[in-house]
Amino acid sequence: GAVVSQHPSWVICKSGTSVKIECRSLDFQATTMFWYRQFPKQSLMLMATSNEGSKATYEQGVEKDKFLINHASLTLSTLTVTSAHPEDSSFYICSARDGRTPLHFGNGTRLTVT
Amino acid sequence: DAKTTQPTSMDCAEGRAANLPCNHSTISGNEYVYWYRQIHSQGPQYIIHGLKNNETNEMASLIITEDRKSSTLILPHATLRDTAVYYCIVMDGGSQGNLIFGKGTKLSVKP
């Protein structure tokens, strides 16, 4: 089945620094990737939609200058949390689709900002 | 907003069948029913999906009522590793969009 790999699985960073999270589709080409965020005891909330070769589309309330998304190839999308603050601490999850298969998800990245 | 209604939580004895209900009374003709689950601190895992016929795979069975207003996910022999939050989601079959997650059902499988 379709495999989506996310790296790192967890990261701790200091306030004010930037963190990059990678999302790769391992056995298919992902025309579209989605980035979600999940706070404790809450459901997944979509942050942005990333299409290969074009700018990401952000959901209302998500700062595009803070959460930089790059989808430079059909197998890789990156999310960079810039100038991270403790309130950005969350579980970030990517998902990918090749246009035919159901949406498949990475295993998430636990970000802790100290 | 999520278009489905699920119980907040359910318990199931290990080895027994787990039947998870989902109401989707406003589903339209071209919308599929998808089931995912999320084990603690992991990404959601695809389980099964269907349009109107019942579906079965190695993980579960999906029973959709004839009027398509509700469905049931069946895990035939639940194990402790099936403890997770189960999400029922409806989405247009032709859509390339994202999945909208509701609160899901927290299934606890007990020994």
Side-chain angles (χ1 to χ4, degrees), chain A residues 1-10 21 23-25 28-52 54 56-59 62 69 77 90-112, chain B residues 1-9 20 22 30-51 55-60 62 64 71 73 81 83-108:
Chain A
V3 178
V4 176
S5 174
Q6 196 170 334
H7 179 81
S9 55
W10 60 270
I21 302 170
C23 179
R24 294 180 185 272
S25 57
F28 66 100
Q29 293 185 326
T31 52
T32 305
M33 289 185 172
F34 302 96
W35 287 94
Y36 292 81
R37 181 168 54 183
Q38 186 175 33
F39 291 106
K41 299 189 185 302
Q42 295 187 21
S43 191
L44 284 77
M45 294 297 295
L46 180 69
M47 297 176 66
T49 301
S50 167
N51 292 301
E52 186 267 339
S54 63
T57 303
Y58 291 81
E59 296 299 300
V62 178
I69 291 173
S77 176
S90 188
F91 192 50
Y92 292 86
I93 308 167
C94 74
S95 63
R97 173 199 306 281
D98 72 354
R100 294 170 295 163
T101 62
L103 205 55
H104 291 274
F105 290 81
N107 254 345
T109 297
R110 175 78 56 194
L111 171 64
T112 302
Chain B
D1 291 340
K3 302 180 185 179
T4 63
T5 305
Q6 299 177 252
T8 302
S9 63
L20 292 92
C22 178
N30 56 346
E31 287 184 317
Y32 285 70
V33 180
Y34 287 81
W35 283 84
Y36 283 76
R37 72 180 181 184
Q38 187 177 24
I39 295 169
H40 183 62
S41 294
Q42 296 184 24
Q45 177 188 23
Y46 166 76
I47 302 174
I48 199 167
H49 74 284
L51 182 62
E55 301 287 344
T56 295
N57 63 20
E58 65 277 5
M59 290 183 68
L62 174 60
I64 304 174
S71 60
L73 179 74
R81 289 179 294 181
T83 291
V85 178
Y86 287 76
Y87 296 98
C88 168
I89 304 166
V90 297
M91 193 171 86
D92 189 318
S95 172
Q96 298 300 305
N98 63 294
L99 293 171
I100 299 174
F101 287 80
K103 297 185 184 303
T105 296
K106 167 68 174 171
L107 174 68
S108 298

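Every value quoted in this text rests on a predicted model; they were computed, and no experiment measured them. Every chain is numbered from 1, with letters handed out A, B, ... down the list of sequences.
- Counting heavy atoms from C-beta outward, B/L99 and A/F105 have side chains that approach closer than 4.5 Å.
- Atom CE of A/M45 has 12 or fewer heavy atoms from other residues, nucleotides or ligands within 6.0 Å.
- With a 4.5 angstrom heavy-atom cutoff, A/L46 touches chain B only via side-chain atoms.
- At a heavy-atom separation below 4.5 angstrom, chain A is approached by B/S41, B/Q42, B/G43, B/P44, B/Y46 within residues 41-48 of chain B.
- Atom CZ in B/F101 sits 14.5 Å away from atom CD in A/Q42 (nearest 0.5 Å).
- Here the closest heavy-atom approach between residue A/S43 and residue B/G102 is recorded as OG-O, 2.5 Å.
- Considering only heavy atoms from C-beta on, B/Y36 comes within 4.5 Å of A/P102 through its side chain.
- For A/Q38, the part lying near chain B is the side chain, with the backbone staying farther off; criterion is any non-hydrogen pair under 4.5 Å.
- A/R24 pairs by the salt bridge (charged side-chain N to carboxylate O under 4.0 Å, His left out) definition with A/E22, not counting sequence neighbours.
- Contact detail for B/Y87 and A/L44: the closest heavy-atom pair is OH-CD1, 4.3 Å.
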